[in-house]
Amino acid sequence: MDIRDMSQDELIKIMEELNEPKFRAKQLYEWLHTHNVADYDKMTNLSKALRGKLNELYPLGNSEVAEIERSQDGTRKYLMELDDGMSVETVGMPIAFDENKKDVKRLTVCFSTQVGCPMECTFCATGQQGLVRDLSASEMVDQIIMVQDDFGERVGNVVAMGQGEPFLNYENLLLALRRMNTDPGLGIGARKITVSTCGLIDGIKRFAEEPEQFRLAVSLHSARQKVRDTLMPRCVNQPLDDLQEALIYYNLKSGRRVTLEYMLISGINDTVSDLDALVAFCDGIKCHINLIPLNRVEGSAYQPSSRSTTKAWISRLNAEMIPVSLRNSRGFDINGACGQLRSRVEK
Ligand code: SAH
């Protein structure tokens, strides 16, 4: 286990085993979490001998930025190289991804939770790569710290919407979210932390029971079972009826609204029947629909829906009193938009 994912009590145990006084645990915790230091040699109030032992027993992995691409809109995409040579992508956006307010000047980070992804969604570049491995909590937190350092600005919002399916890496995800949320830690408000799932029912129910006010987004993309099964083949065992029930449970248990992400693909999920099905699905759920323009993925035949279709969807949802917003796609010119992230695992 990464020492950064341990509680102060666990660090006290380590210090006891090393015959060190208890207060060393607090000092170490502060280096790791208040100062975000990932090098024992910089922890100057610990003895050299102790630093050596810690380094041997609990080496601190270091993710490194291998590449940065800058978009004209201010978005930056990072290729993070992990300790074992694998990599993931992270996106930093200087404007918040806030569903209700437009153009809030707040640094938002979209981070990855796995190297690759096993879900095989047909419209997604990551999904076409398969899963390589889960990320550790530290590898998730490091992505946030790295963007914060690069922009020289505090991160205001984070979204688990990069590569991977967060709920398939639940334990590490929660550890990471807590380190992002707490102080010492990154001190980002729980309500500024959003997890996006492809709709794993057990994960949604579990997440509903967490004490923090983290926010949930679900990639719906179709409220018609057959269509959804084609778009998201690995979600066939997560039927829409059960998903709807889980979301109502989430509403009741957490007291919070859920965001439903719906990407409009021309001729595939944007017909009037699709819209009727969506309206019916939302009945009884406290939700907010986030329409996402489809981003082109190399080798895919899917086309984004027309502007007029998108407008028609917004008017109908408005008329049905279902809150709706249209996501402003960012970082398109650097392939940093939703669904365009790829791992470079072939290296
Ligand atoms: N596995 C999680 C989080 C990663 S995907 C999930 O499924 O929610 C983040 C968001 O990008 C999801 O809503 C996903 O469906 C969407 N997405 C994937 N490919 C896309 C594409 N080509 N264009 C637009 N959005 C896409």
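Counting starts at 1 for both ligands and their atoms, in listed order.
Crowding of Arg191 atom CZ: a count of heavy atoms from other residues, nucleotides or ligands under 6.0 Å not exceeding 12. By the neighbour-count criterion of 12 heavy atoms within 6.0 Å, atom CG of Asn237 is densely surrounded, having more than that number from other residues, nucleotides or ligands.
With a 4.0 Å heavy-atom cut-off, ligand 1 is reached by the backbone of Thr197 but not by any atom from C-beta on. Residue contacts with ligand 1 for Val297 involve side-chain atoms from C-beta outward but no N, CA, C or O (heavy atoms, distance under 4.0 Å).
For the pair Pro293 and ligand 1, the shortest N or O to N or O distance does not fall below 3.5 Å.
Stacking of Arg76 on the aromatic ring of Phe151 is recorded, both the 6.0 Å distance cut-off and the 45° axial limit being met.
Nearest protein neighbour of atom 5 (S) of ligand 1, counting heavy atoms only, is Met161 O, 4.0 Å. Annotation: atom 21 (C) of ligand 1 to nearest protein heavy atom, Cys338 O, 3.3 Å. Looking from atom 23 (N) of ligand 1 to the surrounding protein, the closest heavy atom is Asn295 N, 2.9 Å. Given atom 12 (C) of ligand 1, the protein heavy atom at minimum distance is Ser219 OG, 3.0 Å. Protein heavy atom nearest atom 19 (N) of ligand 1, with residue, atom name and distance: Gly339 CA, 3.0 Å.
Here Glu30 pairs with Lys26 in a salt bridge; the nearest charged N to carboxylate O distance falls below 4.0 Å. Salt bridge present: Arg178 and Glu210 bring a charged side-chain N and a carboxylate O closer than 4.0 Å.
One side chain, Thr197 or Glu165, offers a donor N or O that lies under 3.5 Å from an acceptor on the other.
In this structure, of Gly164, Cys198, Gly127, the residue bringing a heavy atom nearest to atom 1 (N) of ligand 1 is Gly164. In this structure, of Met263, Glu261, His221, the residue bringing a heavy atom nearest to atom 14 (C) of ligand 1 is His221. Of the options Ala217, Ser196, Pro166, Gly162, the smallest heavy-atom separation from atom 4 (C) of ligand 1 is shown by Gly162.
When the salt bridge (charged side-chain N to carboxylate O under 4.0 Å, His left out) test is applied to Arg179, the partners found at least two apart in sequence or on another chain are Asp5. For Asp202, the side-chain contact (heavy atoms from CB on, under 4.5 Å) criterion is met by no residue, not counting sequence neighbours.
Under a 4.0 angstrom heavy-atom cut-off, Ser300 registers as lying outside contact with ligand 1.
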